[in-house]
Amino acid sequence: MSYMLTTLSQKREVDSIIRDTIDKVLVLRFGRGSDPICLQLDEILSKAAREVSKFATVALVDIDSPDIQVYVKYFDITLIPSTVFFFNAHHMKMDSGTADHTKWIGAFHKKQDFIDVVETIFRGAMNGKLIVNCPLPPERIPKYQLLYKDV
C-alpha cells in the first residue's frame with residue numbers, strides 16, 4: 001500500500017514539502033519499504049490518508065537514501081518506523097509518556113489511532129501549541145528502551 005503515498009528520497013524534496021505544506025499537519029514516516037513493521041504502518045497510513053486529507057498530508061521518507069541522512073541524524077532516527085509531525089514548517093511534538101517527544105516510534109495499532117493523533121496535533125497547532133498530549137491510552141502506545149551510549 002506504500003505505493004499510494006508520496007515517497008521522498010532527496011533532501012530538497014523533504015525541504016520543499018515541509019516548507020510548502022501550509023495549514024495542514026505534515027506526517028513524515030521515516031523507514032524502509034522492505035521492513036515488515038514499516039509496511040504495516042504504511043498500510044494504516046494509506047488507508048487513513050484520504051480521511052485526514054482535509055487537515056493532513058502524509059509522505060514516506062526513505063532512510064537508506066544518502067541525501068536524507070541529514071534528517072536521520074537531526075531527528076535521531078535509530079528505530080524504524082519513526083513518524084515526525086510538522087505544522088506550517090514547525091516541528092510538532094507529542095507527549096505520549098515515552099522518553100522521546102519528538103517523534104512517534106513504531107506502528108499505530110489501528111487506523112483510528114493514527115487519525116486521533118493527527119487530529120489532536122492539528123487542533124493543538126491551530127491553538128498555537130508546539131507540543132500536545134497523546135490522545136491514545138497507554139496500552140496502545142509502543143514501548144521501547146532508549147539506550148544512551150557513553151553516558
Enquirer: Main chain of Lys11, side chain of Asp67: is a donor-acceptor contact present, judged purely on distance under 3.5 Å?
Expert: yes
Enquirer: Using every non-hydrogen atom in the two residues, find where Pro81 and Ala107 come nearest and quote the distance to one decimal.
Expert: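 It is CG-N, 4.3 Å.
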Enquirer: What ring pair (Phe, Tyr, Trp, His ring centres under 6.0 Å) pairs are there with at least one residue in residues 38-58, not counting sequence neighbours?
Expert: Phe55-Phe122
Enquirer: Kindly work out whether a path of hydrophobic side-chain contacts (I/L/V/M/F/W/Y, heavy atoms less than 4.5 Å apart) joins Leu60 to Ile44.
Expert: yes
Enquirer: Look only at the side chain of Thr21 and the backbone of Ile17, and say whether a donor-acceptor pair between them is shorter than 3.5 Å.
Expert: yes
Enquirer: With side chains defined as the heavy atoms from C-beta onward, is the minimum distance between Asp95 and Cys134 less than 4.5 Å?
Expert: no
Enquirer: Do the side chain of Ser46 and the main chain of Glu43 share a donor and acceptor less than 3.5 angstrom apart?
Expert: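 Side chain of Ser46 to backbone of Glu43, a donor-acceptor pair under 3.5 Å: yes, one is there.
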Enquirer: Run the side chain to side chain contact (heavy atoms under 4.5 Å, CB included) test on Asp113 and Ile115 for me, step by step, so that the C-alpha distance in whole Å, both residues' side-chain angles and the decisive distance to 0.1 Å come before the verdict.
Expert: CA-CA 5 Å; Asp113 290 348; Ile115 294 170; over 6 Å; no
Enquirer: Determine, using the 4.5 Å side-chain heavy-atom cutoff (strictly less than), whether Leu41 and Phe114 are members of one ILVMFWY cluster.
Expert: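 Looking at the clustering, Phe114 is in the same group as Leu41.
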Enquirer: If you round to the nearest 0.5 Å, how far is OG1 of Thr57 from CZ of Phe86?
Expert: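 So the gap between those two atoms works out to 13.0 Å.
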Enquirer: Side-chain contact, heavy-atom cut-off 4.5 Å: Leu5 with Thr7?
Expert: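 No, every pair of side-chain atoms sits at 4.5 Å or beyond.
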Enquirer: What's the shortest heavy-atom distance between Gln69 and Asp64, and which atoms?
Expert: NE2-C, 4.3 Å
Enquirer: Looking at Asp100 and Lys103, is any side-chain nitrogen of the basic one under 4.0 Å from a carboxylate oxygen of the acidic one?
Expert: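 Here Lys103 pairs with Asp100 in a salt bridge, since their nearest N and O are under 4.0 Å apart.
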Enquirer: Using the side-chain hydrogen bond (donor to acceptor under 3.5 Å, both in side chains) rule, collect all pairs that involve residues 122-135, keeping only residues at least two apart or in two chains.
Expert: Glu119-Arg123
Enquirer: Do the ring centers of His91 and Phe85 come within less than 6.0 Å of each other?
Expert: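 That pair fails the under 6.0 Å test.
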Enquirer: Under 4.5 Å between any side-chain heavy atoms of Ile18 and Leu28, yes or no?
Expert: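 A side-chain contact exists here, since the closest heavy-atom pair is under 4.5 Å.
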Enquirer: Is a side-chain N or O of His101 found less than 3.5 angstrom from the main chain of Ile131, in a donor-acceptor match?
Expert: no
Enquirer: Are side-chain heavy atoms of Met94 and Val117 found at a separation under 4.5 Å?
Expert: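 Met94 vs Val117: side chains touch.
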Enquirer: Are Ile141 and Val132 in one and the same hydrophobic cluster, where Ile, Leu, Val, Met, Phe, Trp and Tyr link if side-chain heavy atoms are under 4.5 Å apart?
Expert: yes
Enquirer: Kindly indicate whether the side chain of Asp23, heavy atoms from C-beta on, has any atom under 4.5 Å from the side chain of Asn88.
Expert: yes
Enquirer: What about Trp104 and Leu45, same hydrophobic cluster or not, with Ile/Leu/Val/Met/Phe/Trp/Tyr joined at side-chain heavy-atom distances under 4.5 Å?
Expert: yes
Enquirer: Checking Glu13 side chain against Ser9 main chain: does a donor-acceptor pair fall under 3.5 Å?
Expert: yes
Enquirer: Counting C-beta onward and ignoring hydrogens, is there a side-chain heavy-atom pair between Leu130 and His90 closer than 4.5 Å?
Expert: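 In short, these two side chains touch, coming nearer than 4.5 Å.
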Enquirer: Could you give me the CA-CA distance, side-chain angles and deciding distance for Val118 and Val27, then say whether side chain to side chain contact (heavy atoms under 4.5 Å, CB included) is met?
Expert: CA-CA 8 Å; Val118 173; Val27 181; 4.0 Å; yes
Enquirer: If we check salt bridge (Lys or Arg N to Asp or Glu O under 4.0 Å) with Asp42, which of these qualifies: Arg32, Lys47, Arg29?
Expert: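 In the set Arg32, Lys47, Arg29, the residue that makes a salt bridge (Lys or Arg N to Asp or Glu O under 4.0 Å) with Asp42 is Arg29.
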Enquirer: Going only through I, L, V, M, F, W and Y residues with side-chain contacts under 4.5 Å, is there a path from Ile63 to Leu39?
Expert: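 Unlinked, Ile63 and Leu39 end up in two clusters.
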Enquirer: Where do Ala48 and Lys111 come nearest, in terms of heavy atoms and distance?
Expert: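 Minimum heavy-atom separation between Ala48 and Lys111: CB-CG, 3.6 Å.
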Enquirer: Among residues two or more places apart or on two chains, list those pairs meeting ring pair (Phe, Tyr, Trp, His ring centres under 6.0 Å) that have a residue in residues 5-29.
Expert: none
Enquirer: Measure the acute angle between the ring planes of Tyr71 and Phe30, then classify it against the limits of 30° and 60° as parallel, tilted or perpendicular.
Expert: tilted
